[in-house]
Amino acid sequence: MPQLKVHVVASPKEAVYEPGTMEVLDMGLYRREEIPFGQVNAKAGNAAFQYVSKVIELAKHDEVGATVTNALNKESMNLAGHHFAGHTEIYAHFTNTKKYTMMLAHDGLRVVHVSTHVSLREACDRVKKDRVLEVIRIADQACKAMGIAQPRVGVAGLNPHCGEDGLFGREEIEEIEPAVRQAKQEGINALGPIPPDTIFSKARGGWYDIVVAMYHDQGHIPLKLVGFVFDQDTQKWRTVSGVNITLGLPIIRTSVDHGTAFDQAGLGTATEDSLVNAIDYAVRFARAK
């Protein structure tokens with residue numbers, strides 16, 4: 001296998017973009033020995049934040065066609081004084097985007113979220129008609145941007161059995177169903193609300209092109225169940241795949257669908273599958289754009 005070359009540049013214009021060469025924009029923030037592997041560290045958090053901010057700036061000025069982010073340790077970033085819940089919120093802040101959502105994708109399974117990085121108690125309070133409708137619209141637009149001409153948008157319920165006609169909660173009746181009805185009136189093929197314990201199996205079976213989940217773990221758990229495969233015999237991850245995409249931004253942002261894995265830092269044992277997935281999706285969106 002040919003040796004990978006690292007080409008350090010000060011701007012994307014200096015890059016050669018040749019196979020086997022990794023272009024690295026070095027902002028010169030810290031020396032390598034200042035940042036330890038696999039530890040929460042304010043300098044590492046600051047460096048990560050500064051590089052993310054820089055790539056957003058480059059994309060806003062059309063110096064790059066798309067952006068791909070790797071895992072970010074939120075504790076390190078906040079220790080450095082950058083108080084954001086994650087990448088999504090950083091992108092929204094620096095692009096002045098108010099209406100956005102996270103999409104997770106693995107093969108043909110795609111999920112967008114009404115809420116993400118908030119407590120479960122607050123997530124329930126955020127299930128409101130306007131926000132659900134907003135996410136349905138974004139989901140429909142995202143599928144069309146990927147070349148799906150007539151997307152089928154499955155909308156999950158919030159409560160067990162979709163509330164069982166109000167016995168287990170009224171969010172479906174008062175917030176989700178009205179959002180689905182209005183989406184249909186706008187010409188969107190929205191279906192639901194559908195019980196959350198069956199909607200993802202149906203989506204994997206081809207019933208829907210994308211699923212609107214009501215909160216973070218409702219959407220993340222099924223995606224990671226199919227994308228993260230641990231081999232019990234070898235005691236190693238066979239694959240950690242899937243991609244996280246921020247929809248609604250004026251620039252393209254895709255990301256890995258996993259955390260920082262500090263326990264594997266510097267060992268050369270981590271899988272690159274999710275990062276490759278993220279790069280592939282970034283290219284797909286950039287070509288379509």
Side-chain angles (χ1 to χ4, degrees), residues 1-74 76-77 80 82 84 86-88 90-91 93-95 105 145-146 237 239-246 249-289:
M1 187 173 180
Q3 184 72 30
L4 179 68
K5 298 177 182 178
V6 176
H7 181 216
V8 179
V9 301
S11 78
K13 295 178 181 178
E14 298 178 5
V16 294
Y17 300 114
E18 294 178 348
T21 300
M22 179 181 291
E23 311 289 352
V24 177
L25 194 156
D26 185 2
M27 295 177 66
L29 299 176
Y30 302 106
R31 297 188 306 276
R32 179 177 175 180
E33 58 270 20
E34 291 184 75
I35 301 180
F37 277 129
Q39 297 179 27
V40 173
N41 181 277
K43 288 183 178 179
N46 181 55
F49 176 82
Q50 297 299 340
Y51 275 99
V52 172
S53 303
K54 180 64 174 179
V55 80
I56 293 171
E57 177 188 334
L58 292 173
K60 286 172 62 178
H61 291 89
D62 293 324
E63 293 186 59
V64 296
T67 71
V68 180
T69 58
N70 217 315
L72 173 69
N73 184 271
K74 299 171 181 63
S76 294
M77 179 178 67
H82 307 296
F84 292 89
H87 276 121
T88 304
I90 298 172
Y91 271 78
H93 173 77
F94 282 105
T95 61
M146 290 185 287
W237 289 100
T239 181
V240 178
S241 55
V243 58
N244 178 346
I245 303 161
T246 306
L249 299 173
I251 61 177
I252 297 167
R253 181 258 170 161
T254 69
S255 182
V256 296
D257 185 24
H258 58 69
T260 47
F262 275 0
D263 59 320
Q264 297 187 59
L267 301 179
T269 57
T271 171
E272 76 283 4
D273 294 345
S274 188
L275 181 58
V276 173
N277 294 157
I279 294 170
D280 287 343
Y281 259 88
V283 171
R284 184 174 176 179
F285 274 102
R287 285 175 173 167
K289 186 177 180 180

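Residues take their numbers from the sequence shown, with the count starting at 1. What's counted below: heavy atoms across the whole structure, side chains too, no hydrogens, waters or symmetry copies. Predicted model only: the values in this text are computed from it and were never measured.
- Side chains of Y51 and L29 form a contact here, defined as non-hydrogen atoms less than 4.5 Å apart.
- Shown here is F262, whose CZ atom has more than 12 heavy atoms of other residues, nucleotides or ligands within 6.0 Å.
- The two residues V68 and A282 come nearest to each other via the heavy atoms CG2-CB, 3.6 Å.
- Taking CD1 of I252 as the reference point, atom CZ of F285 lies at 7.5 Å (rounded to 0.5 Å).
- When side chains are defined from C-beta on, H82 counts as touching Q50, because their heavy atoms get closer than 4.5 Å.
- Checked by atom type and distance alone, the side chain of E34 pairs as donor or acceptor with a backbone atom of R31 at under 3.5 Å.
- Heavy atoms only, all atoms of each residue included: A286 and G65 are closest at CB-O, 4.2 Å.
- Using the six-membered ring where Trp is involved, F49 and F84 have ring planes that are parallel, under 30° apart on the 30 and 60° scheme.
- Atom NZ of K54 is separated from atom CE of M27 by 6.0 Å, given to the nearest 0.5 angstrom.
- Under the 3.5 Å distance criterion, with hydrogens and angles disregarded, a donor-acceptor pair is assigned to the side chains of Y91 and T67.
- Side-chain atoms of T246 and R253 form a donor-acceptor pair, as typed in the model, at a separation below 3.5 Å.
- Under the 3.5 Å distance criterion, the side-chain polar atoms of K74 are left unmatched by any main-chain donor or acceptor of H87.
- One distance of note links CD1 of I90 with OG1 of T95; it measures 11.5 Å at 0.5 Å rounding.
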